[in-house]
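These figures come from a predicted structure and were not determined experimentally. In listed order, ligands and their atoms are each counted from 1.
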Amino acid sequence: MTDITSASGNLLEIRQLRKYFGKGSHPVRAVDDVSFDIRKGETLGLVGESGSGKSTIGRLLTRLVDPTGGEMRYQPQGSDAAPQDLAKLSQSQFRPLRSKVQIIFQDPYASLNPRMRIRDVLAEALDTHGLARGAARLPRIRQLLQQVGLRPEHADRFPHEFSGGQRQRIGIARALAVEPQFIVADEPLSALDVSIQAQVVNLLGELKEQLGLTLLFISHDLDVVEYLCDRVVVLYLGRVMEIAPTEALYAGPRHPYTRALLAAAPIPDPARRRTVPLLQGDLPSPANPPSGCVFRTRCPLAEARCETVDMQLREVQTGHWHACWRDDL
Ligand code: ADP
Ligand code: MG
C-alpha cells in the first residue's frame, strides 16, 4: 500500500499492524499485517465474520491491548504537529490521548457499574480527564444526557432502570464526556432489539456530524454498514481483503470473500441479489492460517498459485483496493 503523508487528511494511518495472542510456535494471529487509513471526519466500516479480528483492531487503536508489531500513526484534528505512533507509546505516554480515542462496546450493561447512578458514571469519566469541574459539572452531565436523547432527570437513576437502547445511549454519553475525536463502536447494535437499532444508528450519525467525530463502526450487519459508512474495510482471518468507498463496494465487490459476504447477507430487494456461491466450511484457525492467500481454502476461484503467494492489497480503482490476483473480478 502506498505511503500517505500526514498532510492528506488522515486521522490514523495503520501500517503492518499485528496482534498475536499467546507465545510458542503457533500464536493466535488475531491481526496480521493490516494496513489502512482512517480519514478525518469519516465513518469507516469494519466488517468480517466473527473471529476475523475486528474487535482486536478496535482494542489496539484504543490501546486496550498492546500491538505485537506495526504502526498506528495518529494525527490529531487541527494539529500540524508530527503524527504520533500510538503503537510505540507506553501506557503512561498514551494516557493523555486516552480521552481522544474512545470505544463503545456491544453490551454497555457489562461495562456499567450497577451500583452507580448515571451522573456518577459520567462524573467518573469527566474526573479521569479533569473536565467540567465544580459548578460546571451538573450542567455538563445534563447536556450529555440530552445529546444522546435522554432526559436530565435520568442522571439520578441506576443502570438497571434503563432499557437496552437507553443503556447504549449512556455508553455513548460516557464516551462523549471526554470530548473525543475518534470513536470505535464495536458492534454497538448487536445486543439491541431490531426496533431500537435504527434509533441508535441515527444517533451515532447525528452526533458524528454535530461534533465532527471520526467513527470506526465495527459490525456484521452489512445493511447498516451500507447505510452509515463512507468507506468499508473487509477483514478475513486477521487480514484485509478489500477496502473501498461504500457505494463502490456494494455495487461492485471485487474480492471473492466480499462477494460471498454480500451474497450471504439477506437482501430484501431481490434485484440486488448476487449470484455468488455462499461461503462453504468454517473459518480456519488463526493459530494455523492457510499458506499464501488465507482465503484460498474457502475460495470458489482458488488456483494452485494462491497457495504460495504473499497476497498484498493493490489498488484497482481510485480508493478501491483488494487482495486477489484476479483482474477480471
Ligand atoms: P471479531 O471481533 O472479528 O469476532 P476478535 O478480534 O474478537 O474477532 O478475535 C480474533 C481472533 O483472536 C479470534 O480467533 C479470537 O479467539 C482471538 N482472540 C481475541 N482476543 C484474544 C485473547 N485475549 N486471547 C487469545 N485469543 C484472542
Ligand atoms: Mg468482535
Under a 4.0 angstrom heavy-atom cut-off, which atoms of ligand 1 come close to Ser55? 1 (P), 2 (O), 6 (O), 7 (O)
Taking 4.0 angstrom as the limit and counting only heavy atoms of Glu49, give me the atoms of ligand 1 inside it, by number and element. 3 (O)
Under-4.0 Å heavy-atom contact between protein and atom 16 (O) of ligand 1: no
Where do Gln168 and Pro188 come nearest, in terms of heavy atoms and distance? NE2-O, 2.9 Å
When you measure from atom 22 (C) of ligand 1 to the protein, is at least one non-hydrogen atom found at a distance under 4.0 Å? yes
Give me the atom names and distance for the closest heavy-atom approach of Tyr20 to Thr68. N-OG1, 2.8 Å
Taking 2.8 Å as the cut-off, does Ser55 contribute an N, O or S atom near the Mg ion (ligand 2), distance below it? yes
Within a distance under 4.0 Å of any heavy atom of Val28, pick out the atoms of ligand 1 and give their elements. 12 (O), 17 (C)
Classify the ring geometry between Tyr257 and His255 as parallel (under 30°), tilted (30 to 60°) or perpendicular (over 60°). perpendicular
Which part of Ser52 is near ligand 1, with near meaning a heavy atom under 4.0 Å away: side chain, backbone, both or neither? both
Measure from atom 1 (P) of ligand 1 to every heavy atom in Gly51, Gly48, Ala30, Gly22 and give the option owning the shortest one. Gly51
Residue Pro286 vicinity, atoms of ligand 1 by number, heavy atom under 4.0 Å: 14 (O)
Find out whether the Lys NZ or Arg CZ of Arg305 is both under 6.0 angstrom from the six-membered ring centre of Trp325 and within 45° of the ring's axis. yes
Passes side chain to side chain contact (heavy atoms under 4.5 Å, CB included), Val101 versus Gln181? Steps please. CA-CA 6 Å; Val101 292; Gln181 295 195 334; over 6 Å; no
Name the option, out of Gly53, Gly58, Gly238, that contains the heavy atom nearest to atom 8 (O) of ligand 1. Gly53
Please work out whether the ring planes of Tyr236 and Phe295 are parallel, tilted or perpendicular, with thresholds of 30° and 60°. perpendicular
So does Glu242 pair up with Arg254, basic N to acidic O under 4.0 Å? no
Give the cluster check for Val316 versus Tyr250: same hydrophobic cluster or not, with ILVMFWY residues linked at side-chain heavy-atom distances below 4.5 Å. no
Is it true that Arg18 and Asp33 make a salt bridge, defined as a side-chain N closer than 4.0 Å to a carboxylate O? no
Give the contacting part of Arg59 toward ligand 1: side chain, backbone, both or neither, where contact means a heavy-atom distance below 4.0 Å. neither
What do we get for Thr56 next to ligand 1 when only non-hydrogen atoms under 4.0 Å count, side chain, backbone, both or neither? both
the protein heavy atom lying closest to atom 19 (C) of ligand 1 turns out to be Phe21 CE1, 3.5 Å
Against heavy atoms of Ser50, which atoms of ligand 1 measure under 4.0 Å? 4 (O)
